[in-house]
Amino acid sequence: MPIVFRPGSTDNFDVFNDPRSRSDLMSYLLLIVFFYLNYFIFVPALYLNKKYFYFLAVVILCFFIISYFPDFIIPFKHAGPPPPPKPKGDGFFLFQVGKVFFLFLISFFLSLLLRINLQWKQAEEEKLKSQLSYLRAQINPHFLFNTLNSIYSMAIMKSDDTPAAVVKLSEMMRYVTSESNKDFVSLEKEMAYIFNYIDLQKIRFGKVVEIVVNVQGETKGHSIAPLILIPFVENAFKHGINAEENSKITIHIIIEERNLHLMVSNNKVVVHHAEEIKSGLGIENTRGRLQLVYPGKHMLIIHDNEKDFFVSLTLHLK
């Protein structure tokens, strides 16, 4: 483009017969080569590995090659009158070097910044993956610990519903082991996991707690991050059940087009937990996952007062 649009380029312009144009063209081609060498080789191999001396030496060498190599190219033979002589003098030489230096700086910094930006994005992606893996590693044992406690309590009471509870647990375990490491799963599987958990709690507590579950909308054709909803349901059972008090848990799930609305409420009761249960990080971890997986695509509202605990979550589904 600098050659094509330079002043006088439309008057008998012939890049192969004009030594100055031929030299400029060769410089620009070398600049393009340098751009990609710097982007793909020099910056990753030298600069990002903190080999700054070698990186600087290679860049300076490339500059001198781009500045002086075109003048050593054998001129192309041509027919007709000889081309006008190439201007001489220190002024013209400094102008040529300055022009090449300016374009060289543009190529250098552009390729450097683009590569560093790519490296930064890749590092951010790896960081997000590591954080998600860490959060999942904390959440999964938390689920299994509470579920095993439920079945243990039923076994102590020699409940006839213990076999059914074991079946529910096996289905939950299958989901956790086979699906939880995926980025997204079908909404049907996630809902089945939640229903298994609720059924397990119904078997355990019987008529001690009033459980109201309402689901509206179509679950087919949607995807969701695995185990993203269950912490809010689990939290209601964890803090809202006491056989000596009025206990009620309400769960509403509404699916409208691409949006899922989850509303969970429970009245607060006196519950005594062991220290390892108190330290559960279900909701806090889920906050972190929502920020990572659904940035700008979710709204979480939590109302926590003396009598009630209410959670409202809205997700934009895939």
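Please read all numbers here as calculations on a predicted model, not as lab measurements.
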Worksheet item: So, the side chain of Glu190 versus the backbone of Leu227: is there a donor-acceptor pair under 3.5 Å, distance only?
Response: yes

Discussion item. If we ignore hydrogens and angles and just use 3.5 Å, is the side chain of Asn49 paired with the main-chain N or O of Ala45 as donor and acceptor?
Written reply: yes

Item to complete: Please list, chain by chain and in numerical order, all residues satisfying salt bridge (charged side-chain N to carboxylate O under 4.0 Å, His left out) with Lys189, sequence neighbours excluded.
Response: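 Scan of Lys189 (salt bridge (charged side-chain N to carboxylate O under 4.0 Å, His left out), adjacent residues dropped) gives Glu179.
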
Identify, with sequence neighbours excluded, every residue that meets side chain to side chain contact (heavy atoms under 4.5 Å, CB included) alongside [X].
X	answer
Phe64	Ile60, Tyr68
Val215	Met191, Phe195, Val213, Ile253
Glu306	none

Give the cluster check for [X] versus [Y]: same hydrophobic cluster or not, with ILVMFWY residues linked at side-chain heavy-atom distances below 4.5 Å.
X	Y	value
Ile116	Leu37	yes
Ile301	Ile251	no
Met26	Leu61	yes
Phe63	Phe53	yes

Report yes if the side chains of [X] and [Y] come closer than 4.5 Å at any heavy-atom pair, otherwise no.
X	Y	answer
Ile283	Ile302	yes
Tyr193	Val176	yes
Leu187	Ile255	yes
Phe35	Leu114	yes
Leu118	Arg115	yes

I need the minimum non-hydrogen distance between [X] and [Y], along with the two atoms involved.
X	Y	result
Ser27	Ile66	OG-O, 3.8 Å
Lys248	Val212	CE-CG2, 4.1 Å
Pro231	Thr286	CG-OG1, 3.0 Å
Asn266	Ala236	OD1-CA, 3.6 Å
Val58	Leu46	CG2-CD1, 4.1 Å

Item to complete: In plain terms, say whether Glu284 and Arg287 are close enough for a salt bridge, that is, a side-chain N and a carboxylate O under 4.0 Å apart.
Response: yes

Response to the item:
Across all chains, not counting sequence neighbours, the ring-ring contact (aromatic ring centres under 6.0 Å, His included) partners of Tyr39 are none

Fill in: Enclosure of Tyr52 OH (heavy-atom neighbours >12, cutoff 6.0 Å)
yes

Can you give the donor-acceptor pairs under 3.5 Å from side chains of residues 218-226 to other protein atoms, not counting sequence neighbours?
{"unit_1": "Glu218", "atom_1": "OE2", "unit_2": "Lys220", "atom_2": "N", "d": "3.3"}
{"unit_1": "His222", "atom_1": "NE2", "unit_2": "Glu257", "atom_2": "O", "d": "3.4"}

Worksheet item: What pairs meet the salt bridge (charged side-chain N to carboxylate O under 4.0 Å, His left out) rule with one or both residues in residues 258-270, with sequence neighbours excluded?
Response: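 Only Lys268-Asp304 qualify under salt bridge (charged side-chain N to carboxylate O under 4.0 Å, His left out).
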
Interatomic distance, [X] atom [atom1] to [Y] atom [atom2] [nearest 0.5 angstrom]:
X	Y	atom1	atom2	result
Asn214	Gln216	CG	CD	4.5 Å
Ile198	Ile203	CD1	CD1	12.5 Å
Ile228	Phe184	CD1	CZ	9.0 Å
Leu29	Phe34	CG	CZ	15.5 Å
Phe309	Asn235	CZ	CG	5.0 Å
Leu260	Leu229	CG	CG	6.0 Å

Item to complete: Output the rest of the hydrophobic cluster of Phe310: all Ile, Leu, Val, Met, Phe, Trp and Tyr residues reachable through side-chain heavy-atom contacts under 4.5 Å, sorted by chain and number.
Response: Ile254, Met263

Please tabulate, one pair per line, all N/O donor-acceptor pairs under 3.5 Å involving side-chain atoms of residues 101-112, not counting sequence neighbours.
{"unit_1": "Ser107", "atom_1": "OG", "unit_2": "Leu103", "atom_2": "O", "d": "3.1"}
{"unit_1": "Ser111", "atom_1": "OG", "unit_2": "Asn38", "atom_2": "ND2", "d": "2.7"}
{"unit_1": "Ser111", "atom_1": "OG", "unit_2": "Ser107", "atom_2": "O", "d": "2.8"}
{"unit_1": "Ser111", "atom_1": "OG", "unit_2": "Phe108", "atom_2": "O", "d": "2.9"}

Residues 157-172 side chain polar contacts: donor-acceptor under 3.5 Å, at least two apart:
{"unit_1": "Ser159", "atom_1": "OG", "unit_2": "Asp161", "atom_2": "N", "d": "3.1"}
{"unit_1": "Thr162", "atom_1": "OG1", "unit_2": "Ser159", "atom_2": "O", "d": "2.8"}
{"unit_1": "Lys168", "atom_1": "NZ", "unit_2": "Asp199", "atom_2": "OD2", "d": "3.4"}
{"unit_1": "Ser170", "atom_1": "OG", "unit_2": "Val167", "atom_2": "O", "d": "2.6"}
{"unit_1": "Glu171", "atom_1": "OE1", "unit_2": "Asn196", "atom_2": "ND2", "d": "3.1"}

Fill in: Partners meeting side-chain hydrogen bond (donor to acceptor under 3.5 Å, both in side chains) with Tyr47 (sequence neighbours left out)
none

In residues 311-318, what donor-acceptor pairs under 3.5 Å come from side-chain atoms, sequence neighbours left out?
{"unit_1": "Thr314", "atom_1": "OG1", "unit_2": "His261", "atom_2": "ND1", "d": "3.2"}
{"unit_1": "His316", "atom_1": "ND1", "unit_2": "Asn259", "atom_2": "OD1", "d": "3.3"}

